[in-house]
Structures are given as C-alpha cells and as structure tokens.
Amino acid sequence: MPGIVWTVGEACDFLAASREVYDIVYSIFGALRYTDPERLLPLVRERLAPGGLLAFTVSAARPGALHGPRVDNLTLDTGVRMPVVHYAYDIAGWHDLLARHRFVVERSIDIPTLDGAGHRGLVFTARPTP
C-alpha cells in the first residue's frame with residue numbers, strides 16, 4: 001500500500017529513537033500486549049500527531065485476575081515451551097491506563113468467545129488529549 005511503512009523491532013526502542021510524527025499507531029495483539037503499557041503509552045502519545053489515532057486489540061484479563069504482567073508458555077513445533085511475558089487488563093483497566101497517559105477513549109469493544117469460555121478480545125480506539 002502506498003505511503004505505509006512497516007517496521008519490525010522493539011516498539012519502545014523504535015519510538016524513543018524516532019523523531020517521526022504518526023497519524024495512526026496500530027497494534028493487533030502486538031506491542032500493547034507484549035510491552036509494558038506504562039512504558040509504551042507515553043512514547044506512543046509523544047509520537048502521535050495532534051488528533052492522531054491509537055487503535056489496538058489485546059486479550060482481556062481473565063475474570064478475577066490481577067492486572068499487569070503475566071507469563072504464559074508458548075509451545076514451539078519442537079515441543080519446547082518458551083516463557084512469554086504479556087500484559088493483561090480488563091476493559092476498565094485499559095480505560096484507566098489510557099486516561100492516566102492522557103488518551104481519550106473513543107471506542108472500546110469487549111468481544112467474548114463464541115462459547116463464553118476462554119480468552120476474550122478487547123478492541124480500542126483512543127486519541128491523545130490536547
């Protein structure tokens with residue numbers, strides 16, 4: 001797609017080194033799931049243009065679970081299990097995080113699994129406050 005530049009790397013390092021200003025920052029089960037949002041959200045806010053859009057999806061924290069970092073195991077094709085850190089919050093927890101980092105949530109959607117069990121997805125759009 002013309003005008004879109006895809007970059008692979010550690011999100012906080014990239015944003016901290018960048019002087020670019022972005023109209024949209026978009027993450028689908030990516031950086032906002034696997035990077036500490038207390039560290040990442042200020043960097044995203046700093047790099048977004050006035051009126052810019054942050055759009056992301058994450059998995060919701062399981063009901064009753066404490067918010068914050070979690071360790072799950074990713075099982076590779078070889079059967080080896082690798083620990084993977086991710087950050088889990090419920091919809092209210094994400095609203096609080098975004099507000100504390102001076103974002104206004106435009107829309108948030110809680111998407112339950114079809115059978116009502118397992119992981120639920122959360123979808124957000126937010127803009128930095130002026």
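All values derive from a computational prediction rather than experimental measurement.
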ILVMFWY network linking Leu53 to Leu41, side-chain heavy atoms under 4.5 angstrom: no
Please say yes or no: joined through hydrophobic side-chain contacts below 4.5 Å, possibly via intermediate residues, are Leu97 and Leu48 part of one cluster? yes
So, taking the atom named CZ in Arg33 and the one named CG in Leu40, what distance separates them when rounded to the nearest 0.5 Å?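 Going from CZ on Arg33 over to CG on Leu40, the span is 14.5 Å.
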Note, Leu98 side chain near Leu54 side chain (heavy atom, < 4.5 Å): yes
Taking only residues at least two apart or on different chains, which pairs with a member in residues 40-85 satisfy ring-ring contact (aromatic ring centres under 6.0 Å, His included)? Phe56-Trp94, Phe56-Phe124, His67-Tyr89
Could you give all pairs that pass the side-chain hydrogen bond (donor to acceptor under 3.5 Å, both in side chains) test and reach residues 44-59, with sequence neighbours left out? Arg45-Thr129
Given Ser108 and Leu122, is the side chain to side chain contact (heavy atoms under 4.5 Å, CB included) satisfied, shown in steps? CA-CA 7 Å; Ser108 58; Leu122 303 176; over 6 Å; no
List, one per line, each side-chain donor-acceptor pair under 3.5 Å for residues 14-27, sequence neighbours excluded.
residue	atom	partner	partner atom	Å
Ser18	OG	Glu20	N	3.0
Ser18	OG	Tyr22	OH	3.4
Arg19	NH2	Ala16	O	3.2
Ser27	OG	Gly30	N	3.4
Ser27	OG	Ala31	N	3.1

Non-neighbouring partners of Pro69 that pass side-chain contact (heavy atoms from CB on, under 4.5 Å), sequence neighbours left out: Val85, Tyr87
By salt bridge (Lys or Arg N to Asp or Glu O under 4.0 Å), which residues pair with Asp36, not counting sequence neighbours? none
Hydrophobic cluster mates of Ile109, side-chain heavy atoms under 4.5 angstrom, ILVMFWY only, any path?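 Hydrophobic cluster check, Ile109: joined to Ile111, Val123.
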Please give the remaining members of the hydrophobic cluster of Val8, linking ILVMFWY side chains under 4.5 Å, ordered by chain and number.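 Noted: Val8 shares its cluster with no other residue.
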Please collect all salt bridge (Lys or Arg N to Asp or Glu O under 4.0 Å) contacts where either partner lies in residues 91-109, sequence neighbours excluded, each pair once.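 Found Glu38-Arg100, Asp96-Arg100, Glu106-Arg127.
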Using every non-hydrogen atom in the two residues, find where His101 and Pro42 come nearest and quote the distance to one decimal.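 Reported closest heavy-atom pair: ND1-CG, 3.5 Å.
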Could you please spell out the steps behind the side chain to side chain contact (heavy atoms under 4.5 Å, CB included) verdict for Asp90 and Asp110? CA-CA 9 Å; Asp90 61 16; Asp110 187 337; over 6 Å; no
Ring pair (Phe, Tyr, Trp, His ring centres under 6.0 Å) partners of Phe103, counting only residues at least two apart: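 Here no residue qualifies.
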What donor-acceptor contacts under 3.5 angstrom involve side-chain atoms of residues 71-83, with partners at least two apart or in another chain?
residue	atom	partner	partner atom	Å
Asp72	OD2	His86	NE2	2.8
Thr78	OG1	Val80	N	3.4

